[in-house]
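Counting starts at 1 for both ligands and their atoms, in listed order. What you see is a predicted model; the values in this text were computed from it and never measured.
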Amino acid sequence: MADYSSQTFLNQKINLPHTNFKIGVVTALWNTEITGELKAGALRTLVDAGISIENIKEWDVPGSYELIYGANKLANDGFDAVICLGVVIQGETRHFDFICDAVATGIANVTIKHNIPVAFGLLTTDTQQQALERSGGKHGHKGEEAAWTVLKLLEK
Ligand code: DLZ
């Protein structure tokens, strides 16, 4: 695991009631060199917690906007939790704002509608360097953190 020294709560041990949870990992293909690492970290964290790889569904969707559809579909299909992973890098147009706002709201709606944990593992950065620093660099690993988040919520 990455060094979470600035966020010590992320080192807390997870006490799952069982390890048979079905968990979806939905990953956007835009900026795939970074989202691939976010996914790797999320899968590593789930498996380390005892979740069997057979109970994890990996689903790569075109872009971050499609994370909403992916999360909603897997929630409809009976998954216990969904981890959404994407990277949106600020460009010259307002596309960044539309995508970030839509994904934040869309994922919130999925978690409320289906009453399951849905992690918002979306990096919203000004530069690719900032995204790299948050996918296993000096600012931690947001893929691992997103997985830890749903595991923590599945404790109850
Ligand atoms: C169109 C677009 C742009 C400009 N930038 C990104 C980005 O930085 N990260 C990302 O995940 N997706 C981006 N997309 C694609 C949209 O999320 C979406 O796939 C398309 O608008 C089609 O619905």
Q.
If I take atom CG from residue Leu10 and atom NE2 from residue His141, how far apart are they, to the nearest 0.5 angstrom?
A. 13.0 Å
Q.
I need the atoms of ligand 1 closer than 4.0 Å to a non-hydrogen atom of Ile89, numbered in the order shown.
A. 8 (O)
Taking distance alone, no hydrogens or angles, what donor-acceptor pairs closer than 3.5 Å link side-chain atoms of residues 14-27 to residues at least two apart or in another chain?
unit_1: His18; atom_1: ND1; unit_2: Asn20; atom_2: N; d: 3.0

Q.
Please list the nearest protein heavy atom to atom 11 (O) of ligand 1 with its residue and the distance rounded to 0.1 Å.
A. Ser64 OG, 2.6 Å
Q: Scan side-chain atoms only and decide if Gln129 and Thr127 contain a donor-acceptor pair under the 3.5 Å cut-off.
A: no
Q. How close does the nearest protein non-hydrogen atom get to atom 1 (C) of ligand 1, and which residue and atom is it?
A. His95 NE2, 3.3 Å
Q) How many angstroms lie between CD in Gln128 and CD in Glu133, if you round to the nearest 0.5 Å? A) 11.0 Å
Q | Shortest protein contact, atom 16 (C) of ligand 1 (heavy atom only) | A | Ile99 CD1, 3.8 Å
**Q.** Proximal ligand 1 atoms for Val88, defined as those under 4.0 Å from one of its heavy atoms
**A.** 7 (C), 8 (O), 9 (N)
(Q) For the backbone of Val87 and the side chain of Asn31, can you confirm whether one donor and one acceptor N or O come within less than 3.5 Å of each other? (A) yes
Q | Contact atoms of ligand 1, heavy-atom distance to Val87 under 4.0 Å | A | 7 (C), 8 (O), 9 (N), 10 (C), 11 (O)
Q: Identify which of Trp30, Tyr69, Tyr65 has a heavy atom lying nearest to atom 5 (N) of ligand 1.
A: Trp30
Q | Short N-O contact, Arg44 and Asp48, less than 4.0 angstrom | A | no
Q.
One residue to check: Thr93. Relative to ligand 1, which of side chain, backbone, both or neither has a non-hydrogen atom less than 4.0 Å away?
A. neither
Q. What residue and heavy atom of the protein are closest to atom 18 (C) of ligand 1, and at what distance?
A. Glu66 OE1, 3.4 Å
Quiz: residues 63-72 side-chain donor-acceptor pairs under 3.5 angstrom, not counting sequence neighbours:
unit_1: Glu66; atom_1: OE1; unit_2: Gly63; atom_2: N; d: 2.9
unit_1: Asn72; atom_1: OD1; unit_2: Lys113; atom_2: NZ; d: 3.2
unit_1: Asn72; atom_1: OD1; unit_2: His114; atom_2: NE2; d: 2.8

